[in-house]
2 protein chains.
Amino acid sequence: MPRKKVSIKEIASAAGVSSALVSMVLNGKAKQYGIGEEATQRVLRIAREMNYQPNIMARGLRSGRSHLIGLVVADIANPFFAKLAREIEKQASEHGYTVIYGSSDDNSRRMNSFMQTLVNQGVDGIIAIPCEDTIKIAAELQEQKFPLVLVDRDYTDMKISSVLLDNEQAGRQITEYLINAGYRQISFVAYSGDLSHIQGRMSGYLQAMQAHGLTETVHRLDKSDSQESIRQILSAIRQGSEPTDALIFANNTLTIEGLYMIREAGLQVPDDVAVFGFDGGNAFDLFTPPVSYVCQPITEMGREAFSLLIKQLEASDPQPAEKVVLQSSFVYTDSSRARIQPTNPSTKKTI
Amino acid sequence: MPRKKVSIKEIASAAGVSSALVSMVLNGKAKQYGIGEEATQRVLRIAREMNYQPNIMARGLRSGRSHLIGLVVADIANPFFAKLAREIEKQASEHGYTVIYGSSDDNSRRMNSFMQTLVNQGVDGIIAIPCEDTIKIAAELQEQKFPLVLVDRDYTDMKISSVLLDNEQAGRQITEYLINAGYRQISFVAYSGDLSHIQGRMSGYLQAMQAHGLTETVHRLDKSDSQESIRQILSAIRQGSEPTDALIFANNTLTIEGLYMIREAGLQVPDDVAVFGFDGGNAFDLFTPPVSYVCQPITEMGREAFSLLIKQLEASDPQPAEKVVLQSSFVYTDSSRARIQPTNPSTKKTI
DNA sequence: ATTGCCGTCTGAAACGATTTAGCTTATCTT
DNA sequence: AAGATAAGCTAAATCGTTTCAGACGGCAAT
């Protein structure tokens with residue numbers, strides 16, 4: 001197996017031409033540079049025979065492009081991001097790019113330093129799930145016309161290419177759904193912090209509740225002791241001290257945590273309390289009963305993100321920032337099935 | 001924000017020294033090359049002021065090292081691999097390396113081409129979850145002394161550094177456990193193919209069954225229609241046409257599939273059939289009842305894999321291949337609780 | 001005073017690919 | 001036949017770093 005590093009020079013001398021010619025031919029620019037047919041074929045054949053593989057470093061140094069793109073997610077072990085990463089990786093490899101990735105844990109310091117590392121590594125562009133303070137470094141990169149696409153979260157004052165979900169709409173829709181299904185005391189549970197997607201979901205929830213003249217209840221949990229907080233909420237529900245007939249968990253991990261606690265508390269879903277979550281997953285399906293959830297179009301998000309990025313990468317002039325907003329779909333299951341006796345049938349309406 | 005690309009040359013002229021000296025200082029080799037204290041400090045200060053960032057491509061071209069490592073997993077969307085990736089990424093970044101990753105889908109063609117891409121990208125080493133035919137390309141790389149570590153699966157005839165689990169032991173142990181818990185008709189369910197870790201688990205199962213004089217039943221499912229196959233197995237169990245009181249699913253995804261089907265079939269666990277799986281996950285915990293599983297030391301695997309790789313990377317002389325075998329732990333839950341009336345109490349013994 | 005040797009530092013080559021400017025020939029024009 | 005044009009190719013510069021082989025001044029030993 002010939003895997004000795006073959007350089008363009010060796011091919012050149014084997015073919016009896018200059019290394020410049022070899023480079024041109026191998027880059028498919030033979031016609032463009034007016035290289036003769038015979039020489040072209042000879043070089044091509046020899047390169048194949050010698051199993052030539054271009055040296056990325058040399059090429060990158062010369063051309064200033066690495067064909068590497070950076071991907072920063074909150075946590076690759078979160079299925080949502082893993083699937084997103086999968087799709088982006090697929091797109092990238094189809095377009096001749098390779099992906100470098102890292103997890104930020106939604107920690108802005110880690111995020112910053114990783115972004116910095118990526119830029120130093122010479123990536124051509126970055127796709128990132130921003131966290132609250134990413135805005136600074138993102139703005140900086142944006143200013144320097146560094147190709148950048150943000151996914152899943154939005155910080156409205158910035159003109160940065162992004163792929164987003166209509167979280168407000170999703171929040172509104174599932175709340176409406178629960179109301180129509182006869183639930184009245186619907187609580188919204190989220191981690192504290194102001195990640196934009198959570199804000200959007202919450203705002204949709206609030207709108208729907210207000211539109212129906214219902215009292216909103218929002219629980220913001222500190223990530224560090226969310227488990228204990230959920231336990232308290234559930235125990236309040238159980239004792240009836242906080243009348244609640246449905247819970248909306250604002251994201252995937254929180255929903256999962258919630259399910260653990262619900263089981264621990266021995267609550268029946270949806271009889272004691274209905275549950276609606278985000279993002280789905282096996283755990284949702286295999287819970288008893290299966291859990292209703294907002295289903296984000298992950299594949300499409302990945303595709304859009306990459307397409308936005310490559311638009312910037314391949315364009316010679318700076319492209320205008322573009323925000324793509326996608327709609328979610330919904331999976332309605334028994335965890336949010338219609339109440340047998342709606343609390344107040346008269347307010348039940350279809351929107 | 002100064003982000004104009006500052007080169008070593010500009011620092012050199014700003015400091016009034018040669019670029020060679022700057023390079024030496026910036027690489028911490030000042031002492032080694034006997035650079036004066038004063039010059040060293042001046043260069044360091046100026047480099048900081050100008051926010052110098054080395055050009056990775058140039059460095060890589062010159063030194064032949066990219067500080068990139070490749071990671072090939074079967075599927076990053078599988079939590080097991082995601083967690084592994086997470087740990088490896090962490091280790092890598094702590095050691096100044098960056099990770100490029102890709103999913104192979106256990107498809108050897110894809111795997112091959114991705115490995116090839118990685119090598120072309122100039123990664124310094126590769127950590128891979130091999131699939132059945134990876135052995136060829138792995139052997140090839142190994143022969144060229146290319147730093148390579150294989151994880152999770154083994155192909156015994158090769159002398160390649162690997163991190164493995166004692167799958168045979170795990171298979172044996174959970175089978176023994178089920179036998180002790182009073183189960184007698186224990187079936188082993190796996191995808192077809194001969195991935196070594198599956199073989200190991202199966203062989204452990206067979207050993208334990210034989211040791212107790214019990215009849216082994218192994219189902220090998222074609223990945224393409226595993227769902228249908230499981231459905232048939234379960235329906236046989238239900239109708240009693242195939243006497244089975246416990247199922248061991250040989251890996252994570254298969255266990256999940258199994259759980260879906262068990263729920264669909266309306267079987268009660270463990271009364272109708274006990275269940276034992278691999279790798280765990282939220283879905284296991286939230287199933288009713290929670291599912292017993294073999295818990296692989298993922299973090300440790302990642303750490304070991306990276307440590308094996310870096311040993312090869314930083315050593316000047318080729319290192320001998322090394323196989324690290326780790327032990328699993330076990331989570332025993334109600335899905336495999338002791339039968340109320342063991343089929344044959346007299347054979348119950350503690351191993 | 002010459003030699004030898006430190007301690008400090010520099011020049012220049014090298015890594016491999018790309019690209020520009022320009023050099024040969026051969027062919028065409030007039 | 002002389003000059004212009006084109007076709008086909010090459011030399012050499014370039015990207016930013018690293019590193020090896022010295023250079024240079026000064027000091028001690030001879």
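Chain identifiers are assigned alphabetically (A, B, ...) following the order of the sequence lines, protein sequences preceding nucleic acid strands; residue numbering begins at 1 within each chain.
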**Study point:** From C:dT18, D:dT10, C:dT19, nucleotide with atom closest to A:Arg62 side chain
**Key:** C:dT18

Revision key, fill the gap. Among the nucleotides D:dT19, C:dA17, D:dA11, whichever has the atom closest to the side chain of A:Tyr52 is C:dA17

Check your understanding: Once you round it to whole Å, what is the distance between P of D:dT18 and NZ of B:Lys9?
Key -> 13 Å

Practice item. Using only side-chain N and O atoms of A:Lys29, determine if any of them is under 4.0 Å from OP1 or OP2 of C:dT18. Key: no

**Study point:** Listed nucleotide nearest any side-chain atom of A:Ile8, set C:dT18, D:dT17, D:dC9
**Key:** C:dT18

Point to revise | B:Arg59 side chain near D:dT18 phosphate (N/O to OP1/OP2, under 4.0 Å) | key: yes

Exercise for review: Report yes if some heavy atom in the side chain of B:Asp106 is under 4.5 Å from a heavy atom in the side chain of B:Leu195; otherwise report no.
Suggested key: yes

Point to revise | B:Asn55 CG - D:dT14 C1' separation (whole Å) | key: 13 Å

**Study point:** Spacing between A:Lys5 atom NZ and C:dG16 atom P, to the nearest angstrom
**Key:** 8 Å

Check your understanding: Hey, is the main chain of B:Asp105 close enough, under 3.5 Å, to the side chain of B:Ser103 for a donor-acceptor pair?
Key -> no

Point to revise | Sugar-phosphate only, base, or nothing, as touched by A:Gly34 at under 4.0 Å among non-hydrogen atoms | key: base

Practice item. Could you tell me whether B:Lys136 and B:Glu140 make a salt bridge, using a distance below 4.0 angstrom between a side-chain N and a carboxylate O? Key: no

Exercise for review: Nearest whole angstrom, please: distance from the P of D:dG16 to the CD1 of B:Ile56.
Suggested key: 14 Å

Exercise for review: Examine C:dG16: is either OP1 or OP2 under 4.0 Å from a nitrogen or oxygen in the side chain of A:Ser7? Give yes or no.
Suggested key: no

Practice item. Pick base, sugar-phosphate or nothing for A:Val22, based on heavy-atom distances below 4.0 Å to the nucleic acid. Key: nothing

Practice item. Identify which nucleotide among C:dG16, C:dG11, D:dG16 has an atom closest to any side-chain atom of B:Ala58, counting heavy atoms from C-beta outward. Key: D:dG16

Study note, to complete from the structure: By nearest-nucleotide position on DNA chain D, the 5'-leaning member of A:Ser19 and A:Ile35 is A:Ile35

Revision key, fill the gap. note: B:Glu38, atom CD; C:dC9, atom C1'; distance rounded to Å ~ 13 Å

Check your understanding: Is there a side-chain contact between B:Glu10 and B:Tyr52, using heavy atoms and a 4.5 Å cut-off?
Key -> no

Check your understanding: Nearest nucleotide by nearest heavy atom, which residue falls closer to the 5' end of DNA chain C, B:Met24 or A:Met24?
Key -> B:Met24

Revision key, fill the gap. Between CG of A:Leu21 and C1' of D:dA12 the distance, given in whole Å, is 16 Å

Exercise for review: Measure from the side chain of A:Leu61, starting at C-beta and using heavy atoms only, and say which of C:dG11, C:dC9, D:dG16 lies closest.
Suggested key: D:dG16

Point to revise | Among D:dT18, C:dA17, D:dA11, the nucleotide that comes nearest once only the side chain of A:Ala20 is considered | key: D:dA11

Revision key, fill the gap. Paired with A:Ile69, the side chain to side chain contact (heavy atoms under 4.5 Å, CB included) test is passed by just one of A:Leu313, A:Ile310, A:Leu118, namely A:Leu313

Point to revise | Check against side-chain hydrogen bond (donor to acceptor under 3.5 Å, both in side chains), B:Thr98 and A:Gln121 | key: CA-CA 9 Å; B:Thr98 308; A:Gln121 278 287 353; 3.0 Å; yes

**Study point:** D:dT17 OP1/OP2 closer than 4.0 Å to side-chain N/O of B:Asn27
**Key:** no

Practice item. To the nearest Å, give me how far apart CD (B:Glu37) and P (C:dC9) are. Key: 11 Å

Check your understanding: A:Leu26 CG to C:dT18 C1': how many Å, rounded?
Key -> 12 Å

Review point. Contact class for A:Ser23 vs. all strands (heavy atom < 4.0 Å): base, sugar-phosphate, or nothing?
Key: base

